[in-house]
Chemist: 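Before I ask anything, here is the structure I am working with.
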Amino acid sequence: MSNFLPNALIKRLGNNPKFDQEAFIAAHRDGEKLTSIRLNPNKEAKLSLPLAGQVPWCSYGYYLEERPQFTLDPLFHAGCYYVQEASSMFIGHILNHLKVGDSPIRALDVCAAPGGKSTLLNSYLDGQSLLVANEIIKSRSVVLQENMIRWGAANVVVSNNDPSAFRRLPGFFDLVLVDAPCSGSGMFRKDEDSIDEWSEANVKLCSERQQRILSEIMGCISTNGYLLYSTCSYSAEENEQILDWLIDTYELKSVDIPIEEQWGIERTTSDVHGAHGYRFYPHKAQGEGFFIGVLQMSGINPSFPLKKLKTEKAPVSRDALKGWVQDPDQFGYFVHNDNIHIFPKSLELPIKAVQQVLYLKNAGTMICKWLGRELIPSHDLALSIHQDSDIRSVELELDDAQNFLRKEPLPVELFADVKKGWCLVTFQGVSIGWVKVLGNRVNNYYPKEVRIANL
C-alpha cells in the first residue's frame, strides 16, 4: 500500500482489475507535474511561452515545457489564453462531438468559478449562443467575472446564485455543465495538502451535495438537452454511482463519446445502467485526475415562456456607440447604473429572462459609463473582442506594458502622435487597457482592483 496516499482510496481503486496500483502511486510520488494552457480563438497573439505539444483532445490546448510566471505576461492579462488543467479540456472534445457550435443554444455552467470551463464553453459555442456562468460563492464569483471579462465575448452572463434559483427557468438550457464540488482526490498530485483532507466520510458528504445540486437544476434542462457531469475525484460514489442515480431518478439516457486509444483515457460503465464515463489517471493520460459523463434528457420538460417578456428601450442612442463598438447595429444594449452593456441582439429576450429570476454580477459586455454627453470607456471594452478596430492605440514594449499593469505612469513621449483623449494601449497587437492623454501627462486607467502589486 501507499504510505502517503489514503489506503482506503488505493484499496477501492484496486478492486478494478484494470487498475495499475504501482504505476498510480509512482505517478503521484515521482511523476512530472504538467502545466497547460488553452488559447482564446478570438484573440490572436504571438506567445513567448515554452510550448511542448498540443493537448490531443483539445484543439486550443497546449502543454508547456515549464511553468512560467504568468503574472509577468501581458497577454495573460489580456485574455489571450487561460491556464487550465489538460484533463478538463476534454470537455472541448465532447462539445465538438455534440456539435453544439453548429447553431445558437443556451448553456449553463452551474459551478463555474474560477472560469476555466466557462471560457472553454464560450470558445466552442456559436457566437449567438447564450452562456450563463454561475458561481454559488460570492467571493469566487468576483474572480469568475474577471476571467470572463478577459475572455472578451458579449454573449455571457455571470450570476451568483444557489442552484435552486434555476428552478425558475424551466426547460431553458440546451446544455448544462455541473463540475461538482468533490473530495478532490484527482488533484492529489497538484495539491498535496488535499491528501490529508481526504476521507471516506468526506466522499459520502460530497456525493450527497452533488445529488442536491443536480436535483435543483434538472428542471432547467430542455427536452433533448444535455447534462455534462464532472468531478476531480476517483471515487465511484461521486462518479459512476451518480450517473446511475441520475438515470434512476430522471428521464435521462447516457451518451457515448468516441475517444482515441492513444489518449490514455479509461472508458468506464456504471454498475446499474451501464452509463458511459471517462476517467483520467495521471499514470495513463497526460493530465490530472478527472471524471466526466454525458447524459441527454429524454423526458419532456416544460419550457420558459419568452414570448411574454417585453423589452425596454434604452435611454441612449445607438449612435453613441459608433466608433467604440464594431457594427453597433448587431447588438442589443441596456443601461444599468449609467453603464451601457451590449450583447448580441438575438439574446435580448433570453437575457431579459435571466435578469428577472437571477442575481446577476454582469451581463454582456459593459462598454462604458454614460454621463449624458460624454462616454467613459470601460476596461471591459478594452478587453472586448467587439471593440471598434479604428480606436486609437499605442503599442507598448514589454517593460512599459508591465508598468501599465502595475498602474504606473507611462512616458508621455510614447503618445506624441495621439494629441489628446482616450487611447488603447496594446501589447503584441492585443489591447490591455486604456489611458487618457492630457497633453503634458498620461493618465493610466488600468483598474486598481486587478493591478499587479508585485511584478
Chemist: Within the distance-only criterion (no hydrogens, no angle test), does the side chain of His97 pair as donor or acceptor with the backbone N or O of His93 below 3.5 angstrom?
Modeler: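 Side chain of His97 to backbone of His93: no pair is present.
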
Chemist: Heavy-atom distance under 4.5 Å between the side chains of Tyr234 and Ser183, does that happen here?
Modeler: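 Result no, sub-4.5 Å side-chain heavy-atom pair not found.
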
Chemist: Output yes when Asp179 and Lys117 qualify as a salt bridge under the 4.0 Å nitrogen-oxygen rule, no when they do not.
Modeler: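 Looking at Asp179 and Lys117, the cut-off is met.
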
Chemist: State whether Glu288 and Arg189 are salt-bridged, where the test is any N-O pair (Lys NZ or Arg NE/NH1/NH2 against Asp/Glu carboxylate O) under 4.0 Å.
Modeler: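 The answer is yes: the pair qualifies as a salt bridge.
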
Chemist: Which label fits Tyr278 and Phe90: parallel for a plane angle under 30°, tilted from 30 to 60°, or perpendicular past 60°?
Modeler: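 Answer is tilted, since the angle falls between 30° and 60°.
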
Chemist: Near Glu208 CD, under 6.0 Å, is it more than 12 heavy atoms from other residues, nucleotides or ligands?
Modeler: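 Enclosed.
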
Chemist: Whether Arg212 and Glu216 form a salt bridge (side-chain N of Lys/Arg under 4.0 Å from carboxylate O of Asp/Glu) is what I want to check.
Modeler: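 The answer is yes: the pair qualifies as a salt bridge.
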
Chemist: Indicate yes or no: does Glu22 engage Arg29 in a salt bridge with an N to O separation below 4.0 Å.
Modeler: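 No, Glu22 and Arg29 are not salt-bridged.
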
Chemist: Is the Phe334 ring parallel, tilted or perpendicular to the Phe343 ring (thresholds 30°, 60°)?
Modeler: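 Tilted.
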
Chemist: Can you list the residues that meet the salt bridge (Lys or Arg N to Asp or Glu O under 4.0 Å) rule with Asp271, with sequence neighbours excluded?
Modeler: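 Applying salt bridge (Lys or Arg N to Asp or Glu O under 4.0 Å) to Asp271 gives none.
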
Chemist: Who passes side-chain hydrogen bond (donor to acceptor under 3.5 Å, both in side chains) against Glu192, sequence neighbours left out?
Modeler: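 Testing Glu192 for side-chain hydrogen bond (donor to acceptor under 3.5 Å, both in side chains), a comparison that skips the adjacent residues, returns none.
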
Chemist: Which residues satisfy the side-chain hydrogen bond (donor to acceptor under 3.5 Å, both in side chains) test with Gln210, sequence neighbours excluded?
Modeler: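 Here the qualifying residues are Tyr229, Glu238.
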
Chemist: Before accepting this row, confirm whether a basic side-chain N of the pair Asp126/Lys99 lies closer than 4.0 Å to the acidic partner's carboxylate O.
Modeler: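 The answer is no: the pair does not qualify as a salt bridge.
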
Chemist: Under a 4.0 Å threshold between the charged nitrogen and the carboxylate oxygen, would Lys204 count as salt-bridged to Glu200?
Modeler: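 Salt bridge between Glu200 and Lys204, a charged N being under 4.0 Å from a carboxylate O: no.
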
Chemist: Does a salt bridge link Glu266 with Lys284, judged by any charged N lying under 4.0 Å from a carboxylate O?
Modeler: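 Yes.
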
